[in-house]
Amino acid sequence: MSARETAELLLLLGRLVQAEGYHGELSPAQWMALRFFARANPFSRTPSAFAEFQATTRGTASQAIKALETGGYLVRQRSEADGRSVSLRLTDKGHEAVARDPFDVLVRAVDSLDAEEQTAMHHALHHVLTTVAASGPHRHFGVCQDCAYRGGETCCSSTSATLPALECLLFGVAIEPEDAGLLCVHFQPTSEQREDGHRE
Ligand code: SF4
């Protein structure tokens with residue numbers, strides 16, 4: 001199979017999953033926004049971060065956000081990260097909608113692969129994503145575990161001796177365990193990722 005055929009499969013998959021979004025209460029753009037705010041870390045729950053994530057304009061991103069606020073799926077509040085900027089979070093209705101996300105059809109399809117295939121697929125797609133992101137002007141979102149700004153892996157607290165304590169070296173703050181796996185607009189790939197596509 002040629003690289004082009006494989007790349008076309010990725011494109012077809014993306015289109016098919018996006019088409020699934022037309023079924024139900026939200027448009028595909030609104031589903032993308034709701035998913036983003038469900039997965040974004042405290043530094044990234046802003047309209048501008050969502051616009052970056054979607055590689056779209058602030059105006060287009062704002063339309064989807066406005067519709068979700070009007071529908072009662074999202075609510076606006078002062079950012080916990082800096083106390084000044086706007087932060088958007090899911091309401092109970094938003095969380096209930098995410099639990100019925102049509103994207104789950106893709107999650108189940110991936111889950112039908114065995115563990116070895118899932119690991120190989122994860123590394124391969126991570127490499128492709130990193131390579132494509134590095135070749136364009138759009139920001140690459142990622143999680144703390146893979147970020148060059150991640151610090152402080154060990155912890156000596158008597159209450160959490162077995163838990164790694166992560167720190168964000170960019171902002172000089174501790175990363176709450178529940179935030180470590182969330183997407184960040186300030187993510188910076190490590191040099192190993194830029195060369196190899198994934199960390200060893
Ligand atoms: S370590 Fe990286 S991904 Fe995590 S909060 Fe800091 S900048 Fe964002």
Side-chain angles (χ1 to χ4, degrees), residues 4-81 84-113 118 121-122 124-126 128-143 146 178-179 181-187:
R4 176 166 290 277
E5 285 175 308
T6 303
E8 282 173 357
L9 283 180
L10 283 175
L11 204 57
L12 284 173
L13 193 57
R15 292 176 68 86
L16 198 60
V17 171
Q18 193 182 34
E20 289 282 333
Y22 282 103
H23 301 294
E25 62 229 69
L26 302 174
S27 71
Q30 291 161 9
W31 274 118
M32 284 301 294
L34 197 61
R35 276 177 210 132
F36 173 79
F37 288 106
R39 288 277 295 127
N41 77 359
F43 301 116
S44 313
R45 295 171 192 152
T46 64
S48 58
F50 174 58
E52 287 259 17
F53 182 75
Q54 279 289 80
T56 188
T57 63
R58 281 285 297 270
T60 303
S62 293
Q63 281 179 10
I65 291 169
K66 190 82 192 148
L68 291 173
E69 287 183 272
T70 304
Y73 298 92
L74 283 182
V75 67
R76 222 168 253 260
Q77 59 187 31
R78 291 263 168 236
S79 167
E80 288 173 16
R84 296 189 309 275
S85 56
V86 164
S87 179
L88 289 141
R89 67 168 178 80
L90 270 66
T91 61
D92 288 346
K93 184 178 178 182
H95 285 293
E96 285 165 17
V98 161
R100 301 189 299 274
D101 190 343
F103 172 74
D104 276 0
V105 70
L106 181 58
V107 177
R108 287 194 296 275
V110 172
D111 205 34
S112 70
L113 301 172
Q118 286 190 42
M121 186 179 179
H122 182 93
L125 289 177
H126 200 286
V128 170
L129 175 64
T130 305
T131 305
V132 171
S135 69
H138 300 299
R139 201 180 278 272
H140 177 192
F141 282 61
V143 299
D146 302 324
E178 65 269 26
D179 294 335
L182 299 179
L183 295 173
C184 182
V185 67
H186 302 289
F187 171 80

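Because the structure is a prediction, the values reported are computed rather than measured.
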Go through it in stages, so that I can follow the logic: the residues are Val107 and Asp101, the test is side chain to side chain contact (heavy atoms under 4.5 Å, CB included), and I'd like the CA-CA distance, side-chain angles, deciding distance and then a yes or no.
CA-CA 10 Å; Val107 177; Asp101 190 343; over 6 Å; no

Could you walk me through whether Asp179 and Phe43 pass the side chain to side chain contact (heavy atoms under 4.5 Å, CB included) check?
CA-CA 10 Å; Asp179 294 335; Phe43 301 116; over 6 Å; no

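Distance CD/Glu8 to OG1/Thr6: 9.0 Å, rounded to 0.5 Å. For the atom pair CD (Gln54) and CE (Met32), the distance works out to 4.0 Å, reported to the nearest 0.5 Å. Atom OG of Ser62 and atom CZ of Phe50 lie 9.5 Å apart (nearest 0.5 Å). Interatomic distance, CZ of Phe37 versus CG of Leu183, reported as 11.5 Å (0.5 Å rounding). Atoms CD and CD, from Glu25 and Glu96 in turn, are 9.5 Å apart once rounded to the nearest 0.5 Å. Between the CG atom in Leu113 and the CE atom in Met121 there is a gap of 6.0 Å [rounded to 0.5 Å].
The side-chain heavy atoms of Phe187 and Val143, taken from C-beta on, include no pair separated by under 4.5 Å. Here the side chains of Ser87 and Arg78 are not in contact, with every heavy-atom distance at 4.5 Å or above.
Closest of all the heavy-atom pairs between Ser112 and Ala109 is OG-O, 2.5 Å. Closest approach of Leu182 to Ala38, counting heavy atoms only: CD2-O, 4.4 Å.
Residues Phe141 and Phe53 place their aromatic rings such that the two centres sit under 6.0 Å apart.
A donor-acceptor pair under 3.5 Å is absent between the side-chain atoms of Gln77 and the main chain of Val86, judged by distance alone. Judged by distance alone, the side chain of Gln30 and the main-chain N or O of Ser27 form a donor-acceptor pair under 3.5 Å. With hydrogens and angles disregarded, a donor-acceptor distance shorter than 3.5 Å links the side chain of Asn41 to the backbone of Ser44. The backbone N or O of Ala61 lies less than 3.5 Å from no partner atom in the side chain of Lys66, so there is not a single donor-acceptor pair. Remark: the backbone N or O of Gly181 is paired with a side-chain donor or acceptor of Arg39 at under 3.5 angstrom. Checked by atom type and distance alone, the side chain of Thr91 pairs as donor or acceptor with a backbone atom of Tyr73 at under 3.5 Å.
Exactly one residue among Leu88, Leu34, Val75 makes a side chain to side chain contact (heavy atoms under 4.5 Å, CB included) with Leu68. That residue is Leu34.
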